[in-house]
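Input: a single structure, listed below in structure tokens.
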There are 2 protein chains.
Amino acid sequence: MTNIRDLAREADVSVTTVSRVLNHHPYVADDKRKAVQDAIRKLGYIRNQTAVQLSTGQTKTIGVMLPYVDHPYHAAILQGIARCAFEEDYRFLTWQTNYVESHEQTVLQALAQREVDGLIIVSHSLAVEDILKYEQYGPIVFCEHHADVSAVYIDHYTAFQKGLAAFQSLGHTEIGICLGRPDSTNSLARKRAYQDTVACTPSEWIYEHSLTIEDGASIARHWLSQPRRPTALLTASDHVAAGIILELRKRGYRVPEDLAVIGFDGSDLAVVLNLTTVAVPYETIGREAFSIAISDTWRDHPQIEIPTTLLNGLTANPAVNER
Amino acid sequence: MTNIRDLAREADVSVTTVSRVLNHHPYVADDKRKAVQDAIRKLGYIRNQTAVQLSTGQTKTIGVMLPYVDHPYHAAILQGIARCAFEEDYRFLTWQTNYVESHEQTVLQALAQREVDGLIIVSHSLAVEDILKYEQYGPIVFCEHHADVSAVYIDHYTAFQKGLAAFQSLGHTEIGICLGRPDSTNSLARKRAYQDTVACTPSEWIYEHSLTIEDGASIARHWLSQPRRPTALLTASDHVAAGIILELRKRGYRVPEDLAVIGFDGSDLAVVLNLTTVAVPYETIGREAFSIAISDTWRDHPQIEIPTTLLNGLTANPAVNER
DNA sequence: TTGTAAGCGTTATCAT
DNA sequence: ATGATAACGCTTACAA
């Protein structure tokens, strides 16, 4: 592997001059620059990035911690990060944690070990305080709302309120909600929105641990078995909404006539099933998080809220019609 | 930032001994080991990975080149890579190329610059010969079939034949196909399967450049405008199939009665729409590709074919019934 | 405008 | 079992 010393020898200049040419620095005589460039071509020189990184103390790499790379919503955030990273000549390392705390520790460790210059945390299960201990090693940007951290987030309280209000304006009063991990920050905000907005909120109408299409199907079956059922269900993901709807239709029930359903995310599933859903611009979240991670603004712990939109489909209407 | 020299001084040993302790080498006296470990704790030492990389000449990182990170099928491959990488204590860098050749060059350059130890190419537009020039810098594993390269792939010829045969066994003879990028290796294989398997293959029944749900809708509209229409359509992705079906239903046509449709991928869309589809185990592809990239087997250019399965849904049936 | 030399933080070779 | 010391390939004061 040829290095800058070989180049210097070949071009009959010093390594400094070679380095200057390589980095497009000024103050290099044209003939020497030419000599170096010729040497580069002749020797087929390729710069070793690792050495650059060690010398400069920068990796030009951002780490991304997320639970699942193949969840559409996480993939959309990745997409935003990928776009931005390319534009800024940065790279990004992705770690899939499955919400396992020891795996999340590995990611934090990577920041401490200078494998990456900064971290974007899409979602996590470790305590925020524990994560923030690693901020001494570099920027950490969350894609969820927490106090005193850099964050790009959607307000799940407001977002859920939008869905609930939509139901109410259609005449629904018996409304249930589906949540993911029950103690996550997002779920807590959602539950608060529910209890603040809706008058009747029995705990049997709060369906927890729902993430997948199959989880949605289970909820539908459970709903069928309940003596007292809500007439409307606000879910935490389009996948869950899809599962509910499919299972219900399979059993001869109608959506929204028998049960109104609103999804969350605004994914492809919402498009093909004509779901009414709360659309989230995930790519924007990724972009914003990235730009904070590579700038100096992170030290001020900026908090950027990204707005959501209620997308009208065909799964939320009735209630009014029913009476 | 404290380094091993600081540790050596603190523990009153040489840097070599420190390094030995760090790397769990034998031949270290218990008391010295203890002294080093105490020093590590006291000084809050954290190893600098970049320095390790420079010294060992290995990054323990694999690069992944793919067109779009948020396409479900690519995300599923990433998922397989992510799983494997974590197990093997490797990292992976992802580059989204959008099939832009200059972006693909950047990725190859990264291999040459030793930013990564190897490369997994999920899909590409550069010529294979040009990519293979970079094999001198490290393993390159393709997720598509090419001669004389390391590859983990599905046989698109066979896979398409499966779909076509399913149509034929249902009585269809007027069959059309939808392709993505018309000149990709995959599309060529698919077209060959079409022409070898089906008797009647007019070029108006080969719909190209179809990737998204919207593309599917366009195809449906085009199909409606055709004087002579196929009775069955084999698509190259569930997204396209979904788009076709939705558009057709919106206009009052029935699937599969008016047009039978088979998807490709076996994605969530297929589940919620009850698509008949050719399911591909993308995660397995990711896993296998990764394990080749980090082992020495890549030099033999192993070719691993991953089998596909026809998943029966409700969108392919008729034709038989029609007559 | 150019060059010398000292880092960056490890690992690895070779004595002892 | 332990330690000097030379790599690894680059950047960057500082000097000239």
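Chain letters run A, B, ... following the sequence lines, proteins first and then strands; every chain starts at 1.
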Any donor-acceptor pair under 3.5 Å from A/S184 side chain to A/G180 backbone: no

N/O donor to acceptor pairs below 3.5 angstrom from side-chain atoms of residues 280-290 of chain A, sequence neighbours left out:
unit_1	atom_1	unit_2	atom_2	d
A/Y282	OH	A/D265	OD1	2.6
A/E283	OE2	A/R83	NH1	2.9
A/R287	NH2	A/E87	OE1	3.3
A/R287	NH2	A/E87	OE2	3.3

Let me know the distance between CD of B/E115 and P of D/dC8, rounded to the nearest Å. 21 Å

If you only use heavy atoms from C-beta on, which nucleotide in D/dT2, D/dT12, C/dT10 is closest to the side chain of A/S19? D/dT12

For DNA chain D, determine which residues of residues 37-63 of chain B have any heavy atom closer than 4.0 angstrom to one of its atoms, and list them numerically. B/L54, B/S55

Is A/N23 close enough to D/dT11 that one of its side-chain N or O atoms is under 4.0 Å from OP1 or OP2 there? yes

Whole-Å distance separating the CG atom of B/L7 from the P atom of D/dG3: 14 Å

Given C/dT2, is OP1 or OP2 found less than 4.0 Å from the side-chain N or O atoms of A/T16? no

Taking the six-membered ring for Trp, are the ring centroids of A/H146 and A/H124 within less than 6.0 Å of each other? yes

Please confirm whether the shortest side-chain N or O distance from B/T17 to OP1 or OP2 of D/dG3 is below 4.0 Å. yes

Of all the heavy-atom pairs spanning B/L111 and B/G138, show the shortest one and how long it is. CD2-O, 4.0 Å

Of all the nucleotides listed (C/dT1, D/dT5, D/dT11), which has the minimum atom distance to the side chain of A/A29? C/dT1

To the nearest angstrom, the CZ-P distance between B/R20 and C/dT13 comes to 11 Å

Measure the distance from CZ on A/R9 to P on C/dG3 and round it to the nearest whole Å. 14 Å

Atom pair distance, as rounded to whole Å: NE2 in B/H25 and P in D/dG3: 15 Å

Round to a whole Å and report the spacing from CZ of A/R5 to P of D/dT11. 11 Å

To the nearest angstrom, the CD-C1' distance between A/Q113 and C/dG9 comes to 13 Å

Counting any heavy atom closer than 4.0 Å, what does B/V15 reach on the DNA or RNA strands: base, sugar-phosphate only, or nothing? base

May I have the list of side-chain donor-acceptor pairs in residues 52-69 of chain A shorter than 3.5 Å, sequence neighbours left out?
unit_1	atom_1	unit_2	atom_2	d
A/T56	OG1	A/V52	O	2.8
A/T56	OG1	A/Q58	N	3.3
A/T59	OG1	A/T61	N	3.3
A/T59	OG1	A/D117	N	3.3
A/T59	OG1	A/D117	OD1	2.8
A/T61	OG1	A/T59	O	2.9

B/V28 side-chain proximity, nearest of C/dT11, C/dT4, D/dT2: D/dT2

Between A/D6 (CG) and D/dG9 (C1'), how many Å, whole number? 10 Å

Is there a donor-acceptor pair closer than 3.5 Å between any side-chain N or O of B/N48 and the backbone N or O of B/T50? yes

Could you check if a side-chain atom of B/E88 sits within less than 4.5 angstrom of a side-chain atom of B/S291, using non-hydrogen atoms only? no

